[in-house]
Amino acid sequence: MLDNAPWAPLVASAITVVLILVLGFVLRNVSHRLITRVVNRAATGGSITSRFRKDTATDGIDALLNERRKQRAETMGSVLKHVASIVILGTAVLTVLDRLTIPIAPLLTSVGILGVAIGFGAQELVKDFIAGMFMLLEDQYGVGDVIDAGAAVGTVEAVTLRVTRLRDADGRVWYVRNGTITRVGNESQGWSRAYMDVPVAYDADVVGVRVLLEHVAEEIWADPELRESKIVEQPQVFGVEQLSDSSLVFRITAKTLPAQQAAVSRELRLRVKAALDSAGIAMVSTA
């Protein structure tokens, strides 16, 4: 009797539509859960500073790197969730329309034309998003990094798919669209390098000056406060870097933890100056 009822096809269609929509939302929620699980797993991991001795400074760097990794993973997770929602719910809606015998070919044609029009009108926005996605995937820079983005130089405070926010040394905040960044110089990724040029008189004892600088390098490396928190390798003395008719220029360098090169450079200047004064060796102008 129900099969012969005039409203039976309508009820069957309504049930089918409801089942399709419910299935679409279930699949959407399942995909979101899977993406969230992958994001959470990607946001946690070992620290690149684990090979160094642990202290407050390296713990702080680890926290910064973890926050950077977490932000990158969450941004990509957000993009994947939006894509999954559009694909799954869009497919469900089209299936429902087809089930209701509503022609979807004109709709698809209209959507395609609208998409082309929006694409032409939002080329810069699309360019920014694509550049932002590749930047995150390739880990070119992250929050806390000091970068030279061409338009501005400063510390990265926030990264989204569209813009990167920097704060320069004067405290000025810069908003740089990702699509306009053609090259990036990252000054704090992995490790940094501090160096100091030491100009002495042309007739100075080359061997004596080099031995003096190597002694300074050994003292710095032996200092637990610097070795544990700022320096990751013993400083190197490269010998005579420049030679002129009035001076000899020695160079001493040190590999440091990210963003610690300025502090190490200041310590190098203090110790080299004290060592030269104690030995009676004067620094000269290279001009």
Side-chain angles (χ1 to χ4, degrees), residues 47-65 141-142 144-148 153-156 166-171 184-287:
S47 167
I48 68 169
T49 60
S50 59
R51 63 181 181 277
F52 307 127
R53 296 180 64 182
K54 283 292 188 180
D55 68 351
T56 304
T58 52
D59 285 344
I61 293 172
D62 287 344
L64 182 62
L65 293 175
Y141 56 85
D145 282 349
V146 179
I147 68 170
D148 179 354
V153 179
T155 304
V156 179
L166 305 174
R167 187 178 297 273
D168 63 19
D170 297 327
V184 177
N186 194 326
E187 300 180 10
S188 54
Q189 190 173 52
W191 55 271
S192 301
R193 188 183 297 279
Y195 73 92
M196 177 187 178
D197 287 338
V198 184
V200 297
Y202 183 81
D203 57 354
D205 181 5
V206 174
V207 176
V209 174
R210 177 159 188 163
V211 170
L212 181 67
L213 295 179
E214 288 177 347
H215 181 65
V216 172
E218 292 173 358
E219 284 186 345
I220 291 178
W221 183 240
D223 189 335
E225 294 184 359
L226 295 174
R227 185 169 178 173
E228 293 180 354
S229 61
K230 295 180 175 64
I231 301 177
V232 299
E233 287 184 3
Q234 181 171 340
Q236 302 293 320
V237 178
F238 287 163
V240 179
E241 184 72 15
Q242 298 178 23
L243 177 65
S244 70
D245 59 352
S246 61
S247 66
L248 301 172
V249 180
F250 291 79
R251 173 166 293 183
I252 179 172
T253 69
K255 183 181 288 188
T256 73
L257 291 174
Q260 294 294 330
Q261 66 269 30
V264 174
S265 294
R266 288 191 291 268
E267 187 66 25
L268 280 174
R269 297 187 194 103
L270 290 174
R271 299 201 180 206
V272 169
K273 176 64 166 58
L276 291 176
D277 289 345
S278 298
I281 301 174
M283 298 180 66
V284 299
S285 175
T286 57

Please evaluate residues M283 and L276 with respect to the criterion side-chain contact (heavy atoms from CB on, under 4.5 Å), reporting the C-alpha separation (whole Å), side-chain torsions for both, the decisive distance (0.1 Å), and the verdict.
CA-CA 8 Å; M283 298 180 66; L276 291 176; 3.4 Å; yes

side-chain contact (heavy atoms from CB on, under 4.5 Å) between L226 and E267, worked out
CA-CA 9 Å; L226 295 174; E267 187 66 25; 3.7 Å; yes

Are any non-hydrogen side-chain atoms of L257 and V232 less than 4.5 angstrom apart?
yes

Less than 4.5 Å apart, any side-chain heavy atom of L248 and any of L243?
yes

Can R251 be said to sit on top of Y195's aromatic six-ring, NZ or CZ under 6.0 Å from centre and within 45° of the ring axis?
yes

Contact check, side chains of Y141 and V146, non-hydrogen atoms, under 4.5 Å:
no

Could you measure the distance from the CZ atom of R193 to the OG atom of S265? Nearest 0.5 Å is fine.
11.5 Å

Working note: K273 + D277, criterion salt bridge (Lys or Arg N to Asp or Glu O under 4.0 Å); need CA distance, chi angles, decisive distance, verdict.
CA-CA 6 Å; K273 176 64 166 58; D277 289 345; 2.5 Å; yes

Before you tell me yes or no, could you show the steps for V153 and I147 under side-chain contact (heavy atoms from CB on, under 4.5 Å), namely the whole-Å CA-CA distance, both residues' side-chain angles and the distance that decides it to 0.1 Å?
CA-CA 6 Å; V153 179; I147 68 170; over 6 Å; no

List the steps and the verdict of side-chain contact (heavy atoms from CB on, under 4.5 Å) for T253 and F238.
CA-CA 8 Å; T253 69; F238 287 163; 3.6 Å; yes

Are any non-hydrogen side-chain atoms of F250 and E241 less than 4.5 angstrom apart?
no

Rounded to the nearest 0.5 angstrom, the CZ-CD distance for R266 and Q261 is 10.0 Å

Would you indicate whether the side-chain heavy atoms of Y202 and V284 approach each other to under 4.5 Å?
no

Below 4.5 Å, heavy atoms only, C-beta onward: do K255 and I231 meet side chain to side chain?
no

Could you tell me whether the side chain of V206 reaches within less than 4.5 Å of the side chain of V240, counting heavy atoms only?
yes

Walk me through it: do R271 and D223 pass the test salt bridge (Lys or Arg N to Asp or Glu O under 4.0 Å)?
CA-CA 12 Å; R271 299 201 180 206; D223 189 335; 2.6 Å; yes

Taking the side chain as every heavy atom from C-beta outward, state whether L268 and I220 have any atom pair closer than 4.5 Å.
yes

From Q234 CD over to R227 CZ, what is the distance, rounded to the nearest 0.5 angstrom?
8.0 Å

